[in-house]
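All heavy atoms count here, side chains included; hydrogens, waters and symmetry mates do not. Quick note on labels: first sequence line is chain A, next is B, and so on, each numbered from 1.
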Amino acid sequence: MSGDHSHNDSQIDSGSRVNDSHKHKDKYKDKEHKHKDHKERENSKYGNSDHKEFSEKKHGEKERTKHKDGSTDRHREKDKRKEIKPKKEKENGFSSPPRIKSELNNDDVYHSPKSLKRERDHDETEFKPKKIKLENDKVDKKAKKRKQDEDIKPKKTQKNKKGEVADGKKKAKKEPEEKWKWWEEERATDGSKWSFLEHKGPVMAAPYEPLPSNVRFFYDGKQMKLSPEAEEVATFFAKMLDHEYTTKDTFRKNFFKDWRKEMASEEKSKITDLKKCNFNEMGEYFKAQSEARKAMTKDDKLKIKVENERLLQEYGFCIMDNHKERIANFRIEPPGLFRGRGDHPKMGMLKRRIRPEDIIINCSKGSKHPKSPPGTKWKEVRHDNKVTWLVSWTENIQGAIKYIMLNPSSRIKGEKDWQKYETARNLKKCVERLRNQYREDWKSKEMRIRQRAVALYFIDKLALRAGNEKEEGESADTVGCCSLRVEHINLYPEKDGQDFVVEFDFLGKDSIRYYNKVPVEKRVRLLTSILNKHLQELMDGLTAKVFRTYNASITLQQQLKELTTDENLPAKILSYNRANRAVAILCNHQRAQPKTFEKSMQNLQTKIDAKKDQLSDAKRDVKSAKADLKVRRDEKFKKAVETKKKAVERLEEQLMKLEVQATDREENKQIALGTSKLNYLDPRISVAWCKKWGIPIEKIYNKTQREKFAWAIDMAEDDYEF
DNA sequence: ACCTGTACTTAGGATCAGGGCG
DNA sequence: CGCCCTGATCCTAAGTACAGGT
């Protein structure tokens with residue numbers, strides 16, 4: 001932790017969220033690339049009470065954006081043409097080396113990638129996508145089939161479309177057909193998400209099993225038998241006994257209030273104070289259960305595994321348009337106590353059991369729709385092919401709708417993902433124009449324009465999230481760009497040798513702290529709907545989040561270019577991870593340092609030391625073998641020398657691997673790479689990199705990831721340019 | 001203009017499983 | 001061969017975006 005909380009002491013005009021931006025603009029402009037962004041962040045999930053007060057509310061107007069037809073089609077047409085990009089490219093070729101290397105603990109050294117990335121990108125000029133009509137005229141390359149970047153447009157057409165409804169019904173053929181390449185097919189253009197959909201419905205939560213009678217509950221020291229309803233809720237609490245949640249006031253209060261609602265009337269009149277409740281036996285019981293589970297014979301474990309597999313086979317797949325597709329979450333969420341993240345006002349509330357009567361099923365009219373459990377009814381069975389979900393219900397804590405949808409490997413998710421990256425690539429083509437524009441807009445005499453421009457600037461430069469409005473008191477107090485409040489920012493005319501530094505310190509999504517100091521200006525206040533409306537006018541399909549995708553992907557591409565050296569494989573992988581890490585830092589993807597981190601680091605160090613010892617022994621052996629050889633030139637000794645040398649080499653390689661691993665792990669202790677890899681990085685960049693350097697894709701993507709990115713793995717060539 | 005509801009992506013932590021190791 | 005760690009998977013909360021109604 002950098003522990004730098006200095007922001008509180010020197011309040012420079014915190015009230016001036018007013019725009020006097022332009023004034024400093026020019027200098028910023030020029031020095032932008034020389035400054036270093038200090039980016040530090042600390043994990044402060046759950047906490048950080050200093051962020052609590054609201055000195056003001058958001059306000060402002062909201063606007064509606066009408067546009068868009070169906071949505072899917074949004075990007076359709078434009079995406080049709082394929083283009084061949086000229087190799088060129090060098091995103092922003094410029095220096096400002098990211099010292100990814102030392103980023104940790106060196107807050108003043110590490111330049112958050114964003115700053116490097118954008119200082120200038122001359123793309124625009126250099127980036128001239130030509131829309132080449134011809135099919136693969138570009139035979140050049142391995143005359144492969146599709147060339148990387150024809151945008152989302154699929155070329156290999158096929159009939160389907162209307163025909164689907166019909167054939168859909170005939171049960172997808174044997175299915176596991178040879179890996180279906182949906183990306184080679186046409187997409188629907190009418191806003192429909194599917195033509196045929198059949199599934200088995202959700203797996204309901206297991207019914208409550210009352211505790212054995214020897215597991216007792218005590219109130220005020222006296223044993224008390226609870227009604228099953230009250231007992232079930234009590235077990236939820238008992239299961240969390242050693243979690244710190246149960247010590248929090250809000251949690252306890254919410255829990256107790258909801259618990260009492262489930263009590264029978266005598267229970268309710270007796271049990272009036274949570275502090276007098278003793279759940280220990282219950283807690284112990286569950287602990288014992290989980291111990292027992294761990295200790296099960298492998299036979300029993302196997303049984304469970306088989307059963308799970310059966311469930312998966314039966315409920316884990318659906319038929320959508322002739323293909324059997326994996327469902328992501330086919331189980332209904334079981335009841336329990338709500339665990340919000342951060343300082344959530346509703347933590348501890350009872351998340352109630354979902355009954356069939358709460359559930360809406362969505363499927364094809366002509367399909368065999370799932371039957372509700374005996375004696376029950378679904379709330380509704382509908383046939384809406386304008387949406388992708390199979391099952392939905394309304395959750396009782398926030399009143400939000402929950403859905404069962406398909407796995408990321410499915411066509412329906414994959415297409416959308418692909419489209420997302422194409423939109424980001426479109427942004428690449430006009431990002432320079434947009435940047436010039438918002439810089440111009442800083443000078444506008446209209447406050448709204450200036451605010452909008454400043455917000456956009458931060459979203460672009462710092463990859464902040466949009467910051468939708470939230471209902472106060474309904475969830476943790478977190479913000480994004482458009483909802484930042486004065487107390488989240490401090491302005492310093494001068495700090496650490498830089499002029500006009502803005503210091504951000506706020507809790508973002510999931511109550512993850514964002515802390516960063518950056519030279520720049522202004523303050524913001526507007527609604528995301530207004531911002532997005534503006535963005536939409538600038539580029540079809542553009543919204544605030546596209547900037548995150550764009551900046552993440554472009555940063556990866558650049559960093560890979562910059563960091564990859566012609567070394568051994570582990571070193572290359574390290575480079576990849578560092579490039580990935582640069583993105584994760586940009587996007588502020590954090591994780592709690594693993595509890596076992598120190599220990600595992602030590603273990604690794606022990607291994608390294610041992611390896612070093614072995615190595616020096618081996619080296620000594622080589623020497624003595626050589627000496628022997630000198631004394632007596634003889635095949636046998638010669639061989640011995642060779643063998644020993646080999647051993648040294650092997651050990652050196654192993655040592656190097658371990659050291660790389662240690663470096664990687666250390667640099668990564670508080671950084672989560674998975675989120676960006678899964679959601680922000682155009683997978684084609686990674687695939688191309690692997691191809692270019694001859695690295696097996698398995699080193700970068702695990703099985704699940706390869707499934708999700710099958711489309712990219714299949715289509716990207718080594719020269720793919722984002 | 002404003003509000004509400006819906007759909008879908010993004011997110012970190014909890015839990016699980018299986019491979020390496022003493 | 002059981003134990004320990006790690007990476008994979010599961011879980012579901014918390015975001016973004018936009019439509020539609022008034």
Side-chain angles (χ1 to χ4, degrees), chain A residues 43 45-46 59-71 74 193 243 290 293-295 298 301 304-305 308 328-334 336 338-342 344 346-347 351 360 362 384 386-389 392 394-395 397-408 412-413 416-417 420 465-471 474-476 478-483 507-512 527-533 535-536 541-546 548-549 587-592 594-597 599-600 603-604 607 661 665 672-676 678-680 702-705:
Chain A
N43 221 332
K45 7 202 110 188
Y46 314 122
H59 66 251
E61 341 80 284
K62 314 187 144 199
E63 300 183 11
R64 212 56 301 137
T65 36
K66 54 340 209 71
H67 70 21
K68 258 79 166 199
D69 36 278
S71 55
R74 211 150 352 79
K193 306 296 174 67
H243 199 293
S290 76
R293 216 171 316 121
K294 268 184 245 162
K298 52 174 60 162
K301 282 186 180 164
I304 291 179
K305 192 174 164 184
N308 279 342
N329 55 322
F330 55 90
R331 289 168 210 273
I332 293 292
E333 296 175 16
F338 176 76
R339 304 150 90 111
R341 309 209 181 126
H344 197 118
K346 298 189 171 181
M347 63 169 80
K351 190 167 120 168
I360 301 174
N362 190 34
D384 181 358
K386 297 290 190 282
V387 298
T388 68
W389 53 269
S392 76
T394 300
E395 154 267 346
I397 305 286
Q398 331 254 11
I401 305 171
K402 299 282 192 133
Y403 303 93
I404 288 181
M405 294 181 184
L406 298 193
N407 194 82
I412 213 161
K413 294 294 185 187
K416 198 77 185 302
D417 205 36
K420 171 181 76 185
R465 295 189 184 84
N468 280 336
E469 322 78 276
K470 304 172 69 175
E471 206 176 329
E474 292 298 295
S475 62
T478 62
V479 299
C481 188
C482 294
S483 49
L507 298 182
K509 183 177 180 180
D510 295 318
S511 292
I512 296 293
L527 295 173
T528 54
S529 51
I530 296 172
L531 180 64
N532 281 337
K533 183 178 175 191
L535 292 175
Q536 177 58 225
L542 186 60
T543 62
K545 76 198 273 277
V546 176
R548 260 168 94 80
T549 309
C587 294
N588 199 34
H589 291 143
Q590 303 190 16
R591 62 169 183 171
K595 298 195 179 20
T596 57
F597 182 82
K599 183 152 54 100
S600 81
N603 290 162
L604 197 50
K607 275 194 204 168
Q661 197 186 348
R665 194 180 293 179
L673 300 186
T675 302
S676 51
L678 239 42
N679 302 304
Y680 290 104
N702 69 25
K703 179 155 88 55
T704 307
Q705 292 163 163

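By the side-chain contact (heavy atoms from CB on, under 4.5 Å) test, A:R665 is found to be paired with A:F597, A:S600, A:M601, A:L604, A:Q661, residues two or more places apart in sequence or in another chain being considered. The side chain to side chain donor-acceptor pair (under 3.5 Å) check on A:K402 picks up A:E333, with sequence neighbours excluded. Partners of A:V546 according to the side-chain contact (heavy atoms from CB on, under 4.5 Å) rule, which considers only residues two or more places apart in sequence or in another chain, are A:T423, A:A424, A:L427, A:L542, A:T543. With sequence neighbours excluded, the residues satisfying side-chain contact (heavy atoms from CB on, under 4.5 Å) with A:N603 are A:K599. Every residue two or more places apart in sequence or in another chain that forms a ring pair (Phe, Tyr, Trp, His ring centres under 6.0 Å) with A:Y680 is listed here: A:H589. Partners of A:T675 under the side chain to side chain donor-acceptor pair (under 3.5 Å) rule, at least two apart in sequence or in another chain, do not exist in this structure. For the side-chain contact (heavy atoms from CB on, under 4.5 Å) test, residues two or more places apart in sequence or in another chain that qualify with A:A466 are A:T528, A:A544.
At the phosphate of B:dA11, neither OP1 nor OP2 sits under 4.0 Å from any side-chain N or O atom of A:T675. A close approach under 4.0 Å does occur between a side-chain nitrogen or oxygen of A:H243 and OP1 or OP2 of B:dA14. Look at A:R548 and you won't find any side-chain N or O under 4.0 angstrom from OP1 or OP2 of B:dT9. Between A:S529 and C:dA17 there is no side-chain N or O to OP1 or OP2 distance below 4.0 Å. Side-chain N/O atoms of A:Y680 include none lying less than 4.0 angstrom from OP1 or OP2 on B:dT9. Between A:K420 and B:dT10, a side-chain N or O to OP1/OP2 separation shorter than 4.0 Å is present. When the side-chain nitrogen and oxygen atoms of A:K193 are compared with OP1 and OP2 of B:dC8, one or more of them lie within a distance under 4.0 Å.
Atom CD in A:Q590 sits roughly 12 Å away from atom C1' in B:dA11 (whole-Å rounding). Whole-Å rounding puts the A:K413 NZ to B:dC8 P distance at 7 Å. Across the protein-nucleic acid pair, A:M405 atom CE and B:dT9 atom P stand 7 Å apart, rounded to whole Å. A straight line from NZ of A:K595 to P of C:dC4 spans 18 Å, rounded to a whole angstrom. Distance OH (A:Y403) to P (B:dT6): 7 Å, rounded to an integer number of Å. Going from atom CD1 of A:I404 over to atom P of B:dA7 covers 14 Å, rounded to whole Å. Residue A:I304 contributes atom CD1, which lies 16 Å from atom P of B:dT15 at whole-angstrom precision. B:dT10 atom P lies 16 Å from atom CG of A:N588, rounded to whole Å.
Contact annotation for A:K599: backbone-only contact, meaning every heavy-atom pair under 4.0 Å involves sugar-phosphate atoms and none involves a base. Residue A:T596 is classed as a sugar-phosphate contact, given heavy-atom separations below 4.0 Å to backbone atoms only.
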Report each atom pair, protein N/O against N/O of nucleotides 17-22 of chain B, whose distance is under 3.5 angstrom.
from	atom 1	to	atom 2	distance (Å)
B:dG18	OP1	A:K305	NZ	3.3

Give each protein N/O atom lying under 3.5 Å from an N/O atom of nucleotides 10-16 of chain C, with the pair distance.
from	atom 1	to	atom 2	distance (Å)
C:dA13	OP1	A:K351	NZ	3.0
C:dA13	OP2	A:K402	NZ	2.5
C:dA13	O4'	A:R341	NH2	3.3
C:dA14	OP1	A:R341	N	2.7
C:dA14	OP1	A:H344	ND1	3.3
C:dA14	O4'	A:D510	OD1	3.4
C:dG15	OP1	A:T478	OG1	2.8
C:dG15	OP1	A:D510	N	3.1
C:dG15	OP2	A:K470	NZ	3.1
C:dT16	OP1	A:A466	N	3.3
C:dT16	OP1	A:G467	N	2.6
C:dT16	OP2	A:N468	N	2.9
C:dT16	OP2	A:N468	ND2	3.4

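Mapped onto DNA chain C by nearest heavy atom, A:V546 and A:Q661 fall at different nucleotides, with A:Q661 at the one closer to the 5' end. The 5' end of DNA chain B is approached more closely, in terms of each residue's nearest nucleotide, by A:T394 than by the other of A:T394 and A:R293.
Counting heavy atoms from C-beta on, the side chains of A:Y403 and A:T388 never come closer than 4.5 Å. With a 4.5 Å cut-off on side-chain heavy atoms, A:N407 and A:K413 do not count as touching. Taking 4.5 Å as the limit, some side-chain heavy atom of A:K470 sits within range of a side-chain heavy atom of A:T478.
If you check B:dG13, B:dT6, B:dC8 against the side chain of A:A592, the one that comes closest is B:dG13.
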